[in-house]
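Note sheet for the following structure.
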Amino acid sequence: MSVREDQVIRPDGTLGIYGVVSTRVAAGVVAVTEANEVVLIGQYRYPTEQYSWEIIAGGGPAEDAPELIAARELREEAGMTAASLELLAGGIQLSNCISSEIAHLYLATGLAETTPDPDPAEVLEVRRAPLAEAVAMVAAGEITDALSIMGLFLARDRLA
């Protein structure tokens with residue numbers, strides 16, 4: 001990622017500074033088992049100083065196809081492969097007031113276990129929850145990550 005400050009002229013004509021965070025391409029994966037359980041990842045998030053339950057997600061360089069990033073994150077974080085990766089939504093602007101980050105959401109089904117390969121800097125907890133329970137976790141404020149919220153609702157609607 002990179003951070004830059006641009007000198008701008010605001011709509012009212014005054015001079016100002018606009019900060020922009022440029023990031024990699026992001027992909028989120030709502031992995032749903034045959035038992036209709038969602039694979040959730042728990043980890044501590046330094047910027048918010050909170051533990052967070054989320055869908056599988058990560059980033060990669062712009063030259064990597066989002067579907068490849070999604071498959072890689074599924075394997076790395078959850079130790080799984082998917083027979084099907086279906087695009088739920090693409091081109092999602094996660095925080096377009098400060099960031100250029102674009103995300104893509106996938107529904108992963110036909111899951112098979114493999115060896116996880118987490119990033120050395122990550123300490124992850126993997127948990128499975130019924131899809132309805134994961135959606136209820138959003139309403140209860142237990143899942144607060146924006147990409148996870150979008151992914152869970154989109155997956156619920158797609159599978160209904």
Carefully, step by step, assess R127 and E133 under the rule salt bridge (charged side-chain N to carboxylate O under 4.0 Å, His left out). CA-CA 12 Å; R127 147 181 190 198; E133 181 182 319; 3.0 Å; yes
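In the hydrophobic clustering of this structure, L154 does not group with I56; members are Ile, Leu, Val, Met, Phe, Trp, Tyr whose side-chain heavy atoms approach within less than 4.5 Å, directly or through other members.
Ion pairing between D64 and R24 fails under the 4.0 Å rule for side-chain N and carboxylate O.
Among all heavy-atom pairs drawn from A155 and L107, the shortest one is CB-CD1, 4.1 Å. Heavy atoms only, all atoms of each residue included: P66 and A27 are closest at O-CB, 3.7 Å. Closest approach of T23 and S100 over heavy atoms only: N-OG, 3.6 Å. P116 approaches A78 most closely through the heavy-atom pair CB-C, 4.5 Å. Shown here for A108 and L74, the closest heavy-atom pair between the two residues is CB-CD2, 4.2 Å.
The backbone N or O of V30 sits nowhere less than 3.5 Å from a side-chain atom of Y106 that would complete a donor-acceptor pair.
For the atom pair L87 CG and L105 CG, the distance stands at 8.0 Å (nearest 0.5 Å). The CE atom of M137 lies 4.0 Å from the CD1 atom of I143; values are rounded to the nearest 0.5 Å. From L147, atom CG reaches atom OG of S95 across 12.5 Å, with rounding to the nearest 0.5 Å. Atoms CD and CD1, from E76 and I41 in turn, are 11.0 Å apart once rounded to the nearest 0.5 Å. To the nearest 0.5 Å, atoms CG (L131) and CG (N36) are separated by 5.5 Å. The line from CG of D145 to CD1 of I55 is 7.0 Å long, rounded to the nearest 0.5 Å.
Side-chain contact check for V39 versus M80: some heavy-atom pair is nearer than 4.5 Å. By the 4.5 Å heavy-atom criterion applied to side chains, Y18 and Q7 are not counted as neighbours. Side-chain contact between V3 and V20: absent, with no pair of heavy atoms (C-beta onward) separated by less than 4.5 Å. Residues V21 and M1 are in side-chain contact: their nearest non-hydrogen atoms beyond the backbone lie under 4.5 Å apart. Using a 4.5 Å heavy-atom threshold, the side chains of L124 and D119 count as separate. Side chains of V123 and Y44 form no contact here, defined as non-hydrogen atoms less than 4.5 Å apart.
Using modelled atom types, one finds a donor on one side chain and an acceptor on the other under 3.5 Å when comparing E54 with S52.
Counting heavy atoms of neighbouring residues, nucleotides and ligands inside a 6.0 Å radius, atom CD of E113 exceeds 12 of them.
For the side-chain contact (heavy atoms from CB on, under 4.5 Å) with E101, the qualifying choice from I92, L94, N96 is L94, the only one to do so.
Scanning for salt bridge (Lys or Arg N to Asp or Glu O under 4.0 Å) contacts around D6 gives R4, with sequence neighbours left out.
Classification of the W53-Y51 ring pair by plane angle, with boundaries at 30° and 60°, yields perpendicular.
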